[in-house]
J.: 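Got a structure here, written out as C-alpha cells. Questions coming.
Letters A, B, ... are given to chains in the order of the sequence lines, protein chains preceding strands, and every chain is numbered from 1.
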Protein chains: 2
Amino acid sequence: MTVHAPVKPLQRAEIAKRTGCNLETVRYYEKVGLLPEPPRTQGGHRAYGAEHERRLRFILRARELGFTLDEIRALLLLVDERNAPCGQVRNVAAAHLGDVQDKIADLKRMERVLKDVVAQCADGSRPECPLIEALFR
Amino acid sequence: MTVHAPVKPLQRAEIAKRTGCNLETVRYYEKVGLLPEPPRTQGGHRAYGAEHERRLRFILRARELGFTLDEIRALLLLVDERNAPCGQVRNVAAAHLGDVQDKIADLKRMERVLKDVVAQCADGSRPECPLIEALFR
DNA sequence: TCTTGAACCTGTAGCAACTACAGAGCCTAA
DNA sequence: TTAGGCTCTGTAGTTGCTACAGGTTCAAGA
C-alpha cells in the first residue's frame, strides 16, 4: 500500500494553471476561508496537495453555477462537517435556483423594453429619439 | 409668461422621496457626474429644481433597464451636447441589449444545471449527493 | 558553487454601484 | 429661543475579484 505516498506538491502558479483559476484568486480564496491554508516550504512558499486542487475545482465549478462565496462556504461546511446531507445541500441549491430565476425574469423584462426601443429607434419613424423619450417619460 | 417662475426648490430628502431614490445615492450620482451640482442655500444645503428631478428619474429608469453608469453618462452626453441623435443612442442601447442577452444565456445555463441537480437531490435515488458529486466531479 | 531570472511572499489599492455611518452644522416650527 | 430633524463632508463597508509594489526564495544553467 502506498498510503500517504508524498505527491509532489504544487506551487501557486501550478495549481492556478491546472484549474484555470487566476493566480491571485487562489490566494484570495484562502484569505476568505474557502481554501484551507496549505503547508509551506522552508522559505514560506505555499505547497498545495491534491486535496487543495480538488477543493479549488469545486469552488470554481460552484462559481460557474453562480453560487456566492457565502453559499459555497455553506456547501463546503456541509461537506466537511456533515458528510453532505443531500436535503440541506438541496435547500442551498434550490434557494440559489430561485435567485437565478429572479435574475432571469429581471433581465427578460429589460430585454423586452430594450428590444422595443431599439426597434423604434431603428425604423426612424419618430422625430424624437424613442429611448430618450421613454427614459424621460 | 411666467418664464423662470421660481419653483420651490427641493431638499435632498424630498427629491429622494419623490423619485424613490435612496437618499445617499442622490449625492453619489452628483459625485460621479451624472447629476449636475445643484445651487445651495446660504447654509450650504442643496436646493434641487425640476430639471434635477427630471434627470434623476432618467438615471433611475436607465438603471432599471440595466444600463451601467458609464452608459448613462454617454446617453446624457448625447442628450446634452447633441440633442440625442437617435442613431448613436440606438448604438448604446443595442450594445447593452447584447450584454443583457449574454447574461440571460449565462443564467439559463446555470438554471438548467441547477434544476437538474435539485431534482436529482429531491428524488433521493442516489446514495451520494448529486450536487456535491457534480461539483467535485 | 554561484548566479540569474522566474516565481513567490505580504499588504494594499482598485473596480462597480451603491449604502451607511460619524461628527459637525443648519433650519424651522413651537 | 430651543429642540430635533434635517443637511453637510468625508470615509468605510459591501462582493468577488484583480493587480501592483517592494522584497524574498527557489531552481536551473554555467
J.: Does Arg73(B) use its side chain to pair, donor to acceptor, with the backbone of Val32(B) at less than 3.5 Å?
T.: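 Indeed, once roles are kept as given, a pair shorter than 3.5 Å links the two residues.
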J.: Any side-chain N or O of Tyr29(A) less than 4.0 Å from the OP1 or OP2 oxygen of dC17(D)?
T.: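 Checking dC17(D) against Tyr29(A), a side-chain N or O does come within under 4.0 Å of OP1 or OP2.
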J.: Per the ring pair (Phe, Tyr, Trp, His ring centres under 6.0 Å) rule, what does the pair list look like for residues 93-137 of chain A, sequence neighbours excluded?
T.: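 Counting only pairs at least two positions apart or across chains, the ring pair (Phe, Tyr, Trp, His ring centres under 6.0 Å) contacts touching residues 93-137 of chain A are Phe67(A)-His96(A), Phe136(A)-Phe58(B).
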J.: For a 4.5 angstrom cut-off between non-hydrogen side-chain atoms, does Ile15(B) reach Cys21(B)?
T.: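 No - every pair of side-chain heavy atoms lies 4.5 Å or more apart.
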J.: At a heavy-atom distance below 4.0 Å, what parts of residues 10-25 of chain B sit against DNA chain C?
T.: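 Nucleic-acid contacts, sorted: Asn22(B), Glu24(B), Thr25(B).
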J.: Under the salt bridge (charged side-chain N to carboxylate O under 4.0 Å, His left out) definition, can you give me all pairs with a residue in residues 97-107 of chain A, not counting sequence neighbours?
T.: Asp106(A)-Arg109(A)
J.: Let me check something: any side-chain donor-acceptor pairs from residues 86-94 of chain B under 3.5 Å, sequence neighbours excluded? List them with distances.
T.:
none

J.: Under 4.0 Å between a side-chain nitrogen and a carboxylate oxygen: does that hold for Arg27(B) and Glu30(B)?
T.: no
J.: Give the residues of residues 59-68 of chain B touching DNA chain C, defined as any heavy atom closer than 4.0 Å, sorted by residue number.
T.: Arg63(B), Thr68(B)
J.: Within the supplied structure, the quantity of interest is the number of heavy atoms (other residues, nucleotides, ligands) at a distance under 6.0 Å from Asp123(B) CG; does it exceed 12?
T.: yes
J.: Flag the pair His52(B) / Arg46(B) as yes when at least one side-chain heavy-atom distance between them is below 4.5 Å, and no otherwise.
T.: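 His52(B) does not reach Arg46(B) side chain to side chain.
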J.: Of the residues in residues 39-58 of chain A, which ones touch DNA chain C at a heavy-atom distance under 4.0 Å?
T.: Arg40(A), Gly44(A), His45(A), Arg46(A)
J.: Should we count CZ of Arg126(A) as having more than 12 external heavy atoms under 6.0 Å?
T.: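 Counting other residues, nucleotides and ligands, CZ of Arg126(A) exceeds 12 neighbours.
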J.: May I ask you to decide if His45(B)'s main-chain N or O and Arg12(B)'s side chain share a donor-acceptor pair within less than 3.5 Å?
T.: no
